[in-house]
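The block underneath contains the structure these notes are about, expressed in structure tokens.
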Amino acid sequence: MDMMKKAYSARYFDILEKRKNLPVWVHKEEFLQTLKENQIVLLVGETGSGKTTQIPQFVLEAVLNENPSSGPKGKKWLVGCTQPRRVAAMSVSRRVAEEMDVEIGEEVGYTVRFEDCSSSKTVLKYLTDGMLLREAMADPLLGRYKVIVLDEAHERTLASDLLLGLLKQTLISRPDLKLVVMSANLEADKFHKYFIGVPLIKVPGRLHPVEILYTREPERDYLEAAISTVIQIHMCEPPGDVLVFLTGEEEIEDACRKIISKLGDQVKVVPLYSTLPPAMQQKIFDPTPQAVRKIIVSTNIAETSLTIDGIVYVVDPGFSKQKLYHPDTRVESLLVSPISQASADQRAGRAGRTQPGKCFRLYTQKSFNELEKQSYAEILRSNLANTVLTLKRLGVKNLVRFDLMDAPAPETLARALDDLYHLGALDDDCNLTKTGEMMSEFPLDPQMAKMLIVSPQFNCSNEILSISAMLSVSNCFIRPRGEAQKAADEAKSSFAHIDGDHLTLLNVFHAFLQNNQDSDWCYEKFINYRAMKSAVSVREQLVRIMSRFQIKLCSPGFNSQDYYVNIRKALLAGYFMQVAHLERTGHYLTFRDKDDQVVHLHPSNCLDHKPEWVVYNEYVFTSRNFIRTVTYIRGEWLVDVAPHYYKLANFPNSEAKRVLQKHYKKRKLSEEKSCKLYLLR
DNA sequence: GAGCACTGC
């Protein structure tokens, strides 16, 4: 290969010497020999082993030695390496390109959503696990790949679990394809049961020792305990920065204030969580004066996504917020829960990156022993409607027999199938319909994809595109604490549409475009500029998918009386299963087959009254059962838009049911042949 | 009248 014959720069040899010092190099020959003799290899490499940057290069070397330079149809073979996060895919590939003395995007590249930095020359490609899953949808045999390296498998993300299951099948029909599964703290038993007889290579990491300290008694209040531990560390321990793990934004801001009030400017206290603006996140890397100790108070983001050097002390109360899904009620909730032993060890390891450190666990050794070994895989804690759609699209006939490391609860699968059936994505035999196939191409939840696909029937696909984009990104309304709060609320109310939050989001999106996507305008209006920019990118991507399927882009005339009515009906065409009815008791009840629940309008809503019927975007359980992002709809629309769903025989007796029955009667009376079925099956 | 653990397509 040209690449191999090229004269290398001095810098290349300089870096090569450093690379050879990484722990993983000791195992290079062993790894290559094992890969030669096996189709699958498991590799456990702790933090600092160099596995993410080096193993794919070893693999590439082996592939290039054994294969001619071109693959199918004259295209080059690829070695792919998946990462759970896009930032990692991008930064690691840059690093590797540098190590190999090539330009990024040429021989070494990456592909993440919204950005493909690879070319026909690319032979080593880093990509997010979700991206490889998308590629598999277009080509289930992943024909261009010679070897796939699945990194961070221990994180058990939904996409990586699905890839494992899929690759297990693919490897049978593609004996020439190889798989390397890499992880930090592989639960050897579990992976060995999943990959029977597969060789395992262990590479030590390069961490300094971390002393673990437990409390003698369980702590009653972990927040107070965390704060007093920080103070104690500051008073009694030698210099070194502190990292405290807490569960959420509010808790973190609260803790920061309390630490500052106790220690003043002897310390520099920095909060860290994902919704913090990037400039604020950057502060964790600011150097501090010699005598000042840095104290970082962080969510789980510092456990996996962000690495901070210089931490010597870790304070670990043992909790994090975790997503849970209840298939019976179809509610996703965020619950403060005990972490796993693997998480606790990961947290402790953050103290030993630059020198020996200490980890203060605010629980007893006995409690630690009682924690789960590993965190629950994401697939066990999620609504699986989208996952099932993906699997169907990948050609999986029998979902129950699809070999996953952790099988989801049967109820969760049943719910997902049920929802997809009602959306017209699956037929009576559980096969993917044409609509379902289209839906699977959208990087959206099935309801939203369905809403987009049918939106031209309501003559408002342009508006539904904008609303979908806004719903796909994080909350665009900034609401600071303190004095600015009132101003923020006023700014928000200037966008409010009294018929509902979806329409309010549309107003914000239009206003953002009208103001030329100006960041200063966002600042004045308390709008999150980043969220808006990403809504614009999402919308562009959705438009491309729409045009691929030749779905018409259209708008009702803005002055038309039906402008908002059409949009609200289109919302319902996707979200007809997420409707609530105001009962005479003054409470809303969700209205679904076989189940109803008391819910409350989330206080962030923009409605000026409580309408009889609402459609909602999400159902969240926090302090109460809330429905968030709600829009006023009319009961008779349910009968028009989703008659196949609202057959009522399966619905529990309720006020809502009686109201709907009246609508059906009325419709029957005035029934003409113009009765339109809006939903294509 | 209340929040947004973290990702990803």
Side-chain angles (χ1 to χ4, degrees), chain A residues 82-89 111-116 127-138 152 155-163 245-254 272-276 298-306 319-324 332-337 339 343 346 375-379 381-382 386-387 389-390 393 439-446 448-449 468 472-481 485 488-489 528 531 534 537-538 541-542 544-545 600-607 610 618 620-629:
Chain A
T82 68
Q83 295 293 318
R85 283 166 290 278
R86 45 185 285 142
V87 181
T111 308
V112 296
R113 189 184 186 183
F114 305 130
E115 206 183 334
D116 183 8
L127 68 175
T128 47
D129 42 23
M131 202 66 215
L132 187 61
L133 205 55
R134 286 276 148 187
E135 289 189 5
M137 275 168 59
E152 316 287 2
E155 287 195 28
R156 306 293 311 279
T157 64
L158 236 167
S160 102
D161 269 10
L162 296 184
L163 280 172
F245 284 101
L246 291 177
T247 65
E249 174 177 344
E250 217 173 270
E251 201 177 80
I252 286 169
E253 293 290 352
D254 191 36
L272 178 62
Y273 42 86
S274 75
T275 47
L276 210 61
S298 172
T299 59
N300 255 4
I301 193 171
E303 192 184 305
T304 47
S305 311
L306 266 170
F319 292 96
S320 72
K321 274 192 194 170
Q322 286 163 40
K323 189 179 73 181
L324 283 175
E332 276 186 355
S333 49
L334 277 176
L335 206 68
V336 174
S337 327
I339 59 172
S343 276
Q346 179 75 13
S375 310
Y376 276 99
E378 192 184 359
I379 199 166
R381 300 181 283 115
S382 308
N386 211 5
T387 304
L389 191 62
T390 305
R393 181 56 206 279
M439 284 165 64
S440 73
E441 291 289 320
F442 286 90
L444 303 171
D445 280 342
M448 207 185 282
S468 299
S472 303
V473 302
S474 55
N475 185 10
C476 70
F477 298 109
I478 297 169
R479 196 166 188 238
R481 256 171 293 268
Q485 191 166 307
D489 288 345
N528 182 340
S534 64
S537 323
V538 171
Q541 188 189 27
L542 298 179
R544 284 196 296 274
I545 300 171
H600 306 272
L601 298 183
H602 194 274
S604 62
N605 82 77
C606 290
L607 297 163
K610 285 169 111 182
E618 53 179 352
V620 288
F621 178 72
T622 47
S623 54
R624 298 168 100 175
N625 280 335
F626 286 115
I627 47 177
R628 195 158 51 192
T629 315

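Side chains included, hydrogens not; waters and symmetry mates left out as well; all remaining heavy atoms used. Quick note on labels: first sequence line is chain A, next is B, and so on, each numbered from 1.
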Applying a 4.0 Å non-hydrogen cut-off, can you work out what [X] is touching in the nucleic acid: base, sugar-phosphate, or nothing?
{"X": "N300(A)", "value": "nothing"}
{"X": "Q322(A)", "value": "nothing"}
{"X": "R134(A)", "value": "base"}
{"X": "F442(A)", "value": "nothing"}
{"X": "R479(A)", "value": "base"}
{"X": "V112(A)", "value": "sugar-phosphate"}
{"X": "S320(A)", "value": "nothing"}
{"X": "T157(A)", "value": "nothing"}
{"X": "I301(A)", "value": "sugar-phosphate"}

message = Please enumerate all residues that pass side-chain hydrogen bond (donor to acceptor under 3.5 Å, both in side chains) together with T157(A), with sequence neighbours excluded.
response =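 In terms of side-chain hydrogen bond (donor to acceptor under 3.5 Å, both in side chains), with neighbours along the sequence ignored, T157(A) is linked to D129(A).
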key: Set of residues satisfying side-chain hydrogen bond (donor to acceptor under 3.5 Å, both in side chains) with respect to D489(A), sequence neighbours excluded   =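 side-chain hydrogen bond (donor to acceptor under 3.5 Å, both in side chains) list for D489(A), sorted by chain: R479(A).
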query = When the nearest nucleotide of DNA chain B is assigned to R381(A) and to R85(A) on a heavy-atom basis, which residue is associated with the more 5' position?
reply =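 Between the two, 5'-proximity favours R381(A).
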message = Reading DNA chain B in the 5' to 3' direction, which nucleotide is the first one with an atom under 4.0 Å from a heavy atom of chain A, and which is the last?
response =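 On DNA chain B, the outermost contacted nucleotides are dG1(B) to dC9(B).
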message = Counting neighbours of CD on Q485(A) that are heavy atoms of other residues, nucleotides or ligands and sit closer than 6.0 Å, is the number greater than 12?
response =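 More than 12 within 6.0 Å, yes.
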task = For F477(A), check ring-ring contact (aromatic ring centres under 6.0 Å, His included) against everything at least two apart and list the hits.
result =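 Once residues adjacent in sequence are excluded, F477(A) has no partner under the ring-ring contact (aromatic ring centres under 6.0 Å, His included) criterion.
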inquiry  = E155(A): which residues meet the salt bridge (Lys or Arg N to Asp or Glu O under 4.0 Å) condition with it, sequence neighbours left out?
reply    =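 Applying salt bridge (Lys or Arg N to Asp or Glu O under 4.0 Å) to E155(A) gives R85(A).
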key: By salt bridge (Lys or Arg N to Asp or Glu O under 4.0 Å) - contacts of E618(A) (at least two apart)   =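 E618(A) satisfies salt bridge (Lys or Arg N to Asp or Glu O under 4.0 Å) with R628(A) only.
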